[in-house]
Structures are given as C-alpha cells and as structure tokens.
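See structure below.
Hydrogens, waters and symmetry mates are skipped; everything else that's a heavy atom, side chains included, is used. Chain A is the first sequence line, chain B the second, and so forth, proteins listed ahead of strands; every chain is numbered from 1.
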Protein chains: 2
Amino acid sequence: MDSNFGSWPPASTRDAVYVSLRERILSLELAPGASLSEKEMSLRYNVSRTPVRESFLRLAEEGLLFILPQRGTYVSLIDTELVEESRFMREQLESAVIRLACAKFPEEGLAELERNLRDQLDCIGKQDDKRMFELDEAFHRTIFEGCRKRNTWALIQKMNAQLNRARMLRLVADHRWEHLYAQHRRMADAIIRRDPDGGERVMREHLSLPIADLAVLKEQYPHYFK
Amino acid sequence: MDSNFGSWPPASTRDAVYVSLRERILSLELAPGASLSEKEMSLRYNVSRTPVRESFLRLAEEGLLFILPQRGTYVSLIDTELVEESRFMREQLESAVIRLACAKFPEEGLAELERNLRDQLDCIGKQDDKRMFELDEAFHRTIFEGCRKRNTWALIQKMNAQLNRARMLRLVADHRWEHLYAQHRRMADAIIRRDPDGGERVMREHLSLPIADLAVLKEQYPHYFK
DNA sequence: GATACCATGCTACCATACAAGTATGGCAGT
DNA sequence: ACTGCCATACTTGTATGGTAGCATGGTATC
C-alpha cells in the first residue's frame, strides 16, 4: 500500500518521518486544516528540520499539505472536485485494464485471483476488516500486474491518498463485504470467460459506488472541506 | 506545460533550479545515464546545496533522476515499459474525457477550440514548431477544462515527462502538423455533433501514433534505455 | 475612538557545517 | 605480479544558524 512496501524499515530518517506523517494525515489524526511547522515536528520526532522539511515538500506535492512560504504549513482541506476526479481516473484506468485482462491473462495470475477470492470468503466469516481491505487492494493489483501495468497501478495508489482520506470519514463504514466479494467474483469470471464488456460493466459498477455520499460528508464535516 | 505556468518568475530559488533542471533533462542536454551531483549543480547555479537537493528529490519522484544514497545521482534511463504505460494511461483518460465533452461542453470552451484551430492553421503556414506544440497542448487542455477535469489534465502533464523525453529522440520529428490539425478538427466536430463514439475513435487514433517507433529508438540509442 | 505604525515572534527558505557511506588509487606486504 | 589495506576524495544524509517575509498585538498619533 505504500511506496516502501517490501523494504522495511525505512532506509532514511526522511522516509520514516514521511511515512509517519502520511499515515497520521490519512487517518485524520492530523485533521484537514490543522497547522504544523517544521520546528514542531522536528522536536516531536527528535530529528533535525531537514528530513521534516523534505517530507513536507513531498506531502505538499501529493496534495496532502499545502505550504505558504514564510507563513506556515497546513494539512490540506479535502477538495471534493479532486476526490471526484481521482475516482473518475481510477474508473477509466481500471475498466480499460480489465478489458485487457479479458483479452489475455496469464494462468498464474488467474490462480492468484482465485486464491485471493478464497481468502476474501474466509475474511467475511471472521469480520476482519483490515485484512479484507488488503485483499481488496491485492485483487486489483493482481489484475494490473497480469496485464503488465504495474506503473499504472502505482499511480492509482498515489491518487488514492485523496480518496482514502475522504473514505476515512465514514467512520463505521458500511462494510458491505459480501457485495464487494460478489463483484470481485464476477470480475474473475469475466476474465475467465474472456468477456471484456461484462468485465468492464462490473468494474464500472464497482468503482462508481465508493463516494456517492461525498455531499453528505461535506455537510457533516464542513470545516474539513474546501 | 509547467506547474508554474502563469506564475512567473518562479517564486523560489528551488523552483527556478527545478524548472531549469527539468528542462535540461527533457531536452536530453542532460542525457539518460549522466551523472550529476548536488555540489556540482549548486556551483553551476550559484546557490547552496539545499534548493538543488530539494529539486533532485522532486525530480527523483517524477522518475527523471534516480538517487543512490552516498553514491551519486543519475539521470534515469528511459524505461520503455513506463513510456508505453504513460501513453496507455493518457489514451484512456483522454478518450473518456472526450466522451464527456461530446455529451456536454460549454459554449465558451467551444469558441476557444475554434480559436485554437485557426491559430494552428496559421502555424502550419509559418512552420513554427514550438508554437504548434504549445497549441497542441492547449487544445487538449481546453477539452479537459470544459469538462471540469483540470486535475486529470495536470496528472497527464506529469506523466508526459517520460513520454516527451522519448519523443525528443526523434530529433527531426516528422512534423505531420497537417495530419495533427485534421485530427484536432475532427475532435472539435465530434464535440459539436455530440458524437461520443466518433470523438473517442479520433482520440484513440490520435494518441496511438506518437511512439510506434519506440523499438527503433531503443536500437538506435541503446545506452539511453533500460 | 479610529488609524497608522512598529516591535515582536512566528514561519519557511537558504546557506553552511558536519557526519557517514562509497569508490578509487597507491602502497606495502607477500 | 598479486593481494589486501588504507588514505583520500568524492557522494548524499542530517543538523544547525541566519535571513526575509508575514501575522499579531500594543502603542502612539490624530
């Protein structure tokens, strides 16, 4: 889920600070609009201002912070337009890729999807939300990798920062895991059947759902939004 | 074409260095594989290592540099897989957006497209390559803005760094400007006609072309590629 | 009372110093 | 001649000091 996935612990102080800050922002522990400063964070993490500053710059590029020179640094407000566009982009890219998958997909990838689906069923029984979230991501990633579209997936992951922060507001998210599983199952079936139209249809349905209630959230937490 | 577009001169030393380095990399003045160092650049630009270093980090994130800690920094080799994926992503996003444009597009945007097309014709007569390139970009940007997909366009611009560097290798690029103009003309017509299928068809055709000869380039400049 | 000014303390930005890891070339020992 | 060691000169990573710009609150002036 993170760019450092697979290379733990972080090689540098900078990465450690970056990872920590990012997590705190996405979890809303650092709320949208909150103010921070290089000095403050350097004290908190017991490091110098340099790695903190470099993390700030990186987070600012990702749209999670915004920096006003000589004034201060703030956690960026959630931009509904940006969230919607992120969802839009993901929908387009994923539906294109599943078409590819329905045209040609390696046997090994298919086996991986089946394994993943079995695990999902298992998770639904155990109500393990965290693991289910990981399986969801892994399922999609497997499709991308099977089509040799690793970089595309990486880009989607970056954009998802915005999306996931919004999603985090739905505190007790309606874990409609059964529904999610059913859609994943249909995707795998479409790939097996070599049915691009069917695959695309499920995928678009799948990716239209997540943030239908964005407007509601904006009313509920107005100070978190732009 | 740049994120600082419209806010000139660059507010900070950092941005100035970043813009300059980026341009030199994309123009291949700094060739793929070339080695550079923070110190060297700080001397050349007469600034301290700090803004240079921060530019390096940003360029590394964009995939234009790669940094080996304690060893050195190099201009990244052109990754054909990444280039192809960039093209792929652009194709998906642009064809989705032109479908939107064919469903609904503001009158004002349409006027802008017509203005742009007139200027393109003008440019073809004058053989002004640089301006034609700008008009090409502006044409596409106008379509995105008319659909309120500004952020999507911004993302495409970032990805294009990889693409454009590859494109730059075709030194005397075949400026088939007339062909390009014809395609743009057909896109505008599709928007006017409200013809999503026609619009998408032209767009996909338009964006499939650019790097058909990537393999040839790789043979011609093997040391520039991964 | 309202307004213009200025001291103060904050910020991020930039310069510089130091630390730590790595490549290289020469030299000593075999 | 070859090998292993080490001094040296690089590299990036981190720490810290100083600077310029901005916000704020108090004060002097009208």
Side-chain angles (χ1 to χ4, degrees), chain A residues 2-4 7-22 24-25 30-77 223, chain B residues 2-4 7-22 24-25 30-77 223:
Chain A
D2 181 72
S3 62
N4 276 28
S7 65
W8 213 254
S12 62
T13 312
R14 175 175 67 241
D15 284 0
V17 171
Y18 166 78
V19 167
S20 170
L21 281 176
R22 184 177 202 269
R24 291 172 65 199
I25 293 171
L30 291 171
S35 132
L36 358 72
S37 83
E38 297 175 359
K39 183 117 184 218
E40 172 198 355
M41 285 302 156
S42 71
L43 290 176
R44 174 178 171 127
Y45 286 108
N46 262 297
V47 297
S48 79
R49 294 193 333 261
T50 303
V52 172
R53 173 178 169 73
E54 290 172 355
S55 297
F56 276 21
L57 288 171
R58 185 165 168 192
L59 291 164
E61 271 179 56
E62 293 177 21
L64 293 175
L65 293 182
F66 78 107
I67 300 174
L68 294 117
Q70 331 307 5
R71 279 189 276 184
T73 299
Y74 303 85
V75 179
S76 66
L77 298 177
H223 47 293
Chain B
D2 181 71
S3 63
N4 276 27
S7 66
W8 212 254
S12 62
T13 315
R14 177 176 64 239
D15 284 359
V17 171
Y18 166 77
V19 167
S20 170
L21 281 176
R22 183 184 152 96
R24 292 171 65 198
I25 294 171
L30 292 171
S35 135
L36 11 75
S37 85
E38 297 175 359
K39 182 103 185 234
E40 172 198 355
M41 285 301 157
S42 71
L43 290 176
R44 174 178 172 127
Y45 286 108
N46 261 298
V47 296
S48 80
R49 270 182 55 211
T50 304
V52 171
R53 174 177 171 75
E54 289 170 356
S55 298
F56 275 23
L57 289 171
R58 186 166 167 191
L59 291 164
E61 272 179 58
E62 295 177 19
L64 293 175
L65 293 183
F66 77 106
I67 300 173
L68 293 116
Q70 268 63 8
R71 279 194 275 189
T73 299
Y74 302 86
V75 179
S76 65
L77 298 176
H223 47 295

List the atom of [X], the atom of [Y], and the distance in Å for their closest heavy-atom pair.
{"X": "Val75(B)", "Y": "Leu30(B)", "result": "CG1-O, 3.8 Å"}
{"X": "Ile67(B)", "Y": "Pro69(B)", "result": "O-CD, 3.5 Å"}
{"X": "Leu77(A)", "Y": "Pro32(A)", "result": "CD2-C, 3.8 Å"}

**Message:** Just to be sure I understand the rule, does Arg14(A) reach a base, reach only the sugar-phosphate, or reach nothing, if contact means heavy atoms closer than 4.0 Å?
**Reply:** sugar-phosphate

**Request:** With heavy atoms under 4.0 Å as the rule, sort Thr73(B) into base, sugar-phosphate or nothing.
**Result:** sugar-phosphate

**Message:** Five pairs per end, C1' atoms only: what is the angle between the end axes of the helix from dG1(C)-dC30(D) to dT30(C)-dA1(D), to 10 degrees?
**Reply:** 20°

**Fill in**
By ring pair (Phe, Tyr, Trp, His ring centres under 6.0 Å), Phe66(A) pairs with (sequence neighbours left out) Tyr74(A)

**Side chains of Arg14(A) and Tyr18(A), donor plus acceptor under 3.5 Å** = no

**Asked** Say you draw a straight line from OG1 of Thr73(B) to CG of Leu68(B); how long is it, rounded to the nearest 0.5 Å?
**Response** 7.5 Å

Can you measure [X] atom [atom1] to [N] atom [atom2] for me and round it to whole angstrom units?
{"X": "Tyr45(B)", "N": "dA15(C)", "atom1": "OH", "atom2": "P", "value": "14 Å"}
{"X": "Leu59(A)", "N": "dA12(C)", "atom1": "CG", "atom2": "P", "value": "13 Å"}
{"X": "Phe66(A)", "N": "dT11(C)", "atom1": "CZ", "atom2": "C1'", "value": "14 Å"}
{"X": "Tyr74(B)", "N": "dT22(C)", "atom1": "OH", "atom2": "C1'", "value": "10 Å"}

**Residue list, side-chain contact (heavy atoms from CB on, under 4.5 Å) with Glu61(A), at least two apart or on another chain** = Arg58(B), Glu61(B)

**Complete:** The side-chain hydrogen bond (donor to acceptor under 3.5 Å, both in side chains) partners of Ser76(A) (sequence neighbours excluded) come to Arg165(A)

**Message:** Run the side-chain hydrogen bond (donor to acceptor under 3.5 Å, both in side chains) test against Ser20(A) and tell me which residues pass, sequence neighbours left out.
**Reply:** Tyr45(A)

**Request:** With side chain to side chain contact (heavy atoms under 4.5 Å, CB included) as the test, would you mind laying out the steps for Leu21(B) and Met41(B) before giving the verdict?
**Result:** CA-CA 9 Å; Leu21(B) 281 176; Met41(B) 285 301 157; 4.0 Å; yes

Using the test salt bridge (Lys or Arg N to Asp or Glu O under 4.0 Å), find all partners of [X] that sit at least two apart in sequence or belong to another chain.
{"X": "Glu40(B)", "answer": "none"}
{"X": "Arg53(A)", "answer": "Glu38(A), Glu54(B)"}
{"X": "Arg24(B)", "answer": "Glu29(B)"}

**Fill in**
Outermost contacting nts on DNA chain D, any atom under 4.0 Å from chain A heavy atoms, listed 5' then 3', are dG13(D) to dA23(D)

Just the atom pairs and distances: protein N or O near nucleotides 18-21 of chain C's N or O, under 3.5 Å.
| unit_1 | atom_1 | unit_2 | atom_2 | d |
| --- | --- | --- | --- | --- |
| dG21(C) | N2 | Gln70(B) | O | 3.4 |

**Prompt:** Which ones in residues 32-39 of chain B lie close to DNA chain C, meaning a heavy atom under 4.0 Å from one of its atoms?
**Reply:** none

**Request:** Starting from the 5' end of DNA chain D, give me the residue, Thr50(A) or Glu40(B), whose nearest nucleotide shows up first.
**Result:** Glu40(B)

